[in-house]
Asker: 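Please read through the structure below; I'll follow up with questions.
Chain letters run A, B, ... following the sequence lines, proteins first, then strands; residues in each count from 1.
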2 protein chains.
Amino acid sequence: MKKGNATIHEIAKALGIDSSTVSRALNNSDRVTQKTKEKVLAKAKELGYRRNLIASNLRRNKSNTIGVIVPRISRHFFSSTIAGIEEAAFVAGYNVIICQSMEKLDREKSILNNLWSNRVDGVLISVSMETVACDHLKFLKDNNVPLVFFDRHCSAMEQSSKVLIDDTRASYEAVSHLIEKGCRKIVHFSGPQSLEIYKNRLRGYKEALEDHGIGFNDDLVVSSTLMEVDGKEMIQDLLHKHSDIDGVFSANDVAAIGAMKYLKKKGKRIPDDIAIVGFSNEPISEAIEPSLTTIDQSGFEIGRTACNLLIENINSKEKVLDRTLILNPTLIKRDSTNR
Amino acid sequence: MKKGNATIHEIAKALGIDSSTVSRALNNSDRVTQKTKEKVLAKAKELGYRRNLIASNLRRNKSNTIGVIVPRISRHFFSSTIAGIEEAAFVAGYNVIICQSMEKLDREKSILNNLWSNRVDGVLISVSMETVACDHLKFLKDNNVPLVFFDRHCSAMEQSSKVLIDDTRASYEAVSHLIEKGCRKIVHFSGPQSLEIYKNRLRGYKEALEDHGIGFNDDLVVSSTLMEVDGKEMIQDLLHKHSDIDGVFSANDVAAIGAMKYLKKKGKRIPDDIAIVGFSNEPISEAIEPSLTTIDQSGFEIGRTACNLLIENINSKEKVLDRTLILNPTLIKRDSTNR
DNA sequence: CTGTTAGCGCGTTCAT
DNA sequence: ATGAACGCGCTAACAG
């Protein structure tokens, strides 16, 4: 009953022809009659033939697979990017191996070893928080395995393809939006300064203030791990020192919500007393009050774009095109109330 | 500088021994001297050797890969299960190919074809909404590819391994909780009755009512697609007909939140006037008011359990053990206020 | 303990 | 247009 295990040899034997002809027929080669093609296809169907891609891949020295490394699958932003990657890979006929580094460099290295052993045709990666040097990544390029960074890249890598978000610009727009709404004293919840995204978000914050003639005040910027409790504590501390705060620009939405809850409990009206904007990391925007304006990072688009760029690199033999694509997040305004 | 492309033959030649000895050494076979093992390992490192798993897999007729099919990666529950699957697979040394059916039967079929072509060692699946017949799944079993369902299974399949949630029991506990809080008129937001999960949640609702001496009223059960707007409309309609509703049991949290928002706008206090419990599908619990009690489906545990069961099946040659594991979701109470 | 031989299933030369 | 032969890289069987 081994219905699915037929090989090209079996269908060749059944037809009294050679396996190489069968191979050609199945690959739709022009060097085989239409007649035999049909016969082969019919017999293949009858025997329930399925090409053994492992053998095919070995012969062609190509795995038809791309490796993907993210810090954590269960984080919404990354599962969105993976959905986009999967979509692009699917239409291009590629398989995808998903791996999570769990933010550990060691695990990232062992994953790359594994991907290499599996002879993936290319790699998409969003590096772990521990990743600064990148010899383990250069190894891929040395062996002609295309590599595309998305979201988090490795600045130690001089030449590389990457798909990034324009954090600076998005932050600039978000803070400008607050200012246009009338805010003058805007605090910024920042994250670990080792990560470039947080540096860029801080930069956009500064530039927006300066361009609108508002002086930058170091006291109004606080860094944390951006959990909900951090948001609460940060705004509590800050309000204690500066009672006239009227805006919050948070590097993520979880901390923003922590702050928002606290403020509401204290009787502040959002956005009338204090307006809040946060980068969107979780799909919560729909679930919370309509007072939090968020910056949508559209992970799906990033994933799709990165995967397409990678496939382009895979197909352009020998030509290593190192390109940087920068996508613009969109500001989703939910604080329509005029202050 | 093809540093990573060395084969066992090259390292054999460099050492003046045979490639099969190298192979054995690399596989840590007991039938090779410690001395030569060390020499081989040293030379392998020197040449930057990486085993070609494609060739190895072809020879061993094993891919060391398991296929995973989910309706949508970006849905939080599924990305959680995938994280759990990935974790279990990683420690067992398996690769994972993630695929999304997008709730389409056709796509599910084509994915299965592809997975078969890739000769995966086993398959984990949560079927699409369109999947009722399952010939395409039986095909796997006919070819000795172990299959484990998780969360959504296929009732048309007489014999199968599956890891499920005890929806009935969780619903029973949730509704009992509401009753113990004093609710007497509890509505139920249900979903498409074609899906077993919604049938079971409805059953748990009924049983809890009966066991507590509350008559079941068909009017209080409404089915929808359980979007946020559905929640709003459903509660609006119901309140119009039954002004004394004091509890809501929702088959998902999004609809629950829709209802909650509407109720608050109408001046109702949660949970004092109306208590709400919802199955948790999105990671929003932290972000919303502390008045919504949720049922956590712990996708991570389901994924881990399912993957381990699959690997067990893969390893137990010839023995097809069809087991059903049922995990209990946990009720996370956030409505501590006494009514 | 090690070498020899023989394939896994497929695609790609050569021929004809 | 088709067949014969070879090899991708590795491992399993059998010798010795």
Asker: Could you tell me whether the phosphate oxygens of dT2(D), OP1 or OP2, come under 4.0 Å of any side-chain nitrogen or oxygen in Thr36(A)?
Answerer: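 It does, given that an N or O in the side chain of Thr36(A) lies less than 4.0 Å from OP1 or OP2 of dT2(D).
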
Asker: Between dA12(D), dT2(D), dG11(C), which nucleotide has the shortest distance from any of its atoms to the side chain of Asn27(A)?
Answerer: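 The answer is dG11(C), which lies nearest to the side chain.
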
Asker: Measure from CD1 on Ile8(B) to P on dT4(C) and round the result to the nearest Å.
Answerer: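 Answer to the nearest Å: 14 Å.
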
Asker: Of the candidate nucleotides dT11(D), dA4(D), dC10(C), which contains the atom at the shortest distance from the side chain of Asp18(A)?
Answerer: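 So the nucleotide nearest the side chain must be dA4(D).
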
Asker: CG of Asn57(A) versus P of dG7(D): gap in Å, rounded?
Answerer: 21 Å

Asker: Whole Å only: how far is the CZ atom of Arg31(A) from the P atom of dA15(C)?
Answerer: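 Atom-to-atom, Arg31(A) to dA15(C), this comes out as 13 Å.
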
Asker: Rounded to whole Å, please give me the gap between CD in Gln34(A) and C1' in dT2(D).
Answerer: 16 Å

Asker: Could you state the atom-to-atom distance from CD1 of Ile11(A) to C1' of dG9(C) in whole Å?
Answerer: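 Rounded to the whole Å, the gap is 13 Å.
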
Asker: Using a cut-off of strictly less than 4.0 Å, decide whether Thr7(B) has a side-chain nitrogen or oxygen near OP1 or OP2 of dG9(D).
Answerer: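 Result: no.
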
Asker: Heavy atoms from C-beta onward define the side chain here; which of dA5(D), dC10(D), dT2(D) lies closest to that of Val32(A)?
Answerer: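 Nearest to the side-chain atoms of Val32(A), counting from C-beta on, is dT2(D).
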
Asker: Which of the following nucleotides, dG9(C), dG7(C), dG3(D), is nearest to the side chain of Arg59(B)?
Answerer: dG7(C)

Asker: Nearest to the side chain of Thr21(B), which nucleotide is it out of dA1(D), dT2(C), dT11(D)?
Answerer: dT2(C)

Asker: Given Glu130(B) and Lys109(B), is the salt bridge (charged side-chain N to carboxylate O under 4.0 Å, His left out) satisfied, shown in steps?
Answerer: CA-CA 11 Å; Glu130(B) 294 181 357; Lys109(B) 284 182 180 170; over 6 Å; no

Asker: Can you tell which of dA4(D), dC10(D), dG9(C) lies closest to the side chain of Leu58(A)?
Answerer: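 Looking only at side-chain atoms, Leu58(A) lies closest to dG9(C).
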
Asker: Does atom CZ of Arg304(B) have more than 12 heavy-atom neighbours, drawn from other residues, nucleotides or ligands, at distances under 6.0 Å?
Answerer: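 At most 12 heavy atoms, drawn from other residues, nucleotides or ligands, come within 6.0 Å of this atom.
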
Asker: Grab the NE2-P distance between His9(B) and dG3(C) for me, whole Å please.
Answerer: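 In whole Å, dG3(C) P lies 13 Å from His9(B) NE2.
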
Asker: Leu309(A) and Ser161(A): which non-hydrogen atoms are nearest, and at how many Å?
Answerer: CD2-CB, 4.2 Å

Asker: Give the nucleotide from the list dT2(D), dC10(D), dT2(C) with an atom nearest to the side chain of Asn52(B).
Answerer: dC10(D)

Asker: Answer whether the closest heavy-atom distance between the side chains of Tyr94(B) and Val96(B) falls below 4.5 Å.
Answerer: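 A side-chain contact under 4.5 Å is absent here.
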
Asker: Compare side-chain N and O positions of Ser20(A) against OP1 and OP2 of dG11(C) and report whether any pair is under 4.0 Å apart.
Answerer: no

Asker: Does Asn64(B) reach the main-chain N or O of Asn95(B) with its side chain, forming a donor-acceptor pair under 3.5 Å?
Answerer: no

Asker: Over how many whole Å does the gap from Asn61(B) atom CG to dC10(D) atom P extend?
Answerer: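 From Asn61(B) CG to dC10(D) P: 18 Å.
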
Asker: The side chain of Ile17(B) lies closest to which of these nucleotides: dG3(C), dT2(C), dG11(C)?
Answerer: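 Closest of the options to the side chain of Ile17(B): dG3(C).
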
Asker: Nearest-nucleotide wise, let me know which of Gly16(B) and Ala55(B) is further upstream toward the 5' end of DNA chain C.
Answerer: Gly16(B)

Asker: Measure from NZ on Lys62(B) to C1' on dA12(D) and round the result to the nearest Å.
Answerer: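 From Lys62(B) NZ to dA12(D) C1': 16 Å.
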
Asker: Look at atom NZ of Lys104(B) and say whether more than 12 heavy atoms of other residues, nucleotides or ligands are closer to it than 6.0 Å.
Answerer: no

Asker: Give a yes/no on whether any side-chain N or O of Thr33(A) is located under 4.0 angstrom from OP1 or OP2 of dT2(D).
Answerer: yes

Asker: Under the 3.5 Å rule, do the base of dG3(C) and the side chain of Arg24(B) count as making a donor-acceptor pair?
Answerer: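 Counting by modelled atom types and ignoring angles, a donor-acceptor contact under 3.5 Å is found here.
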
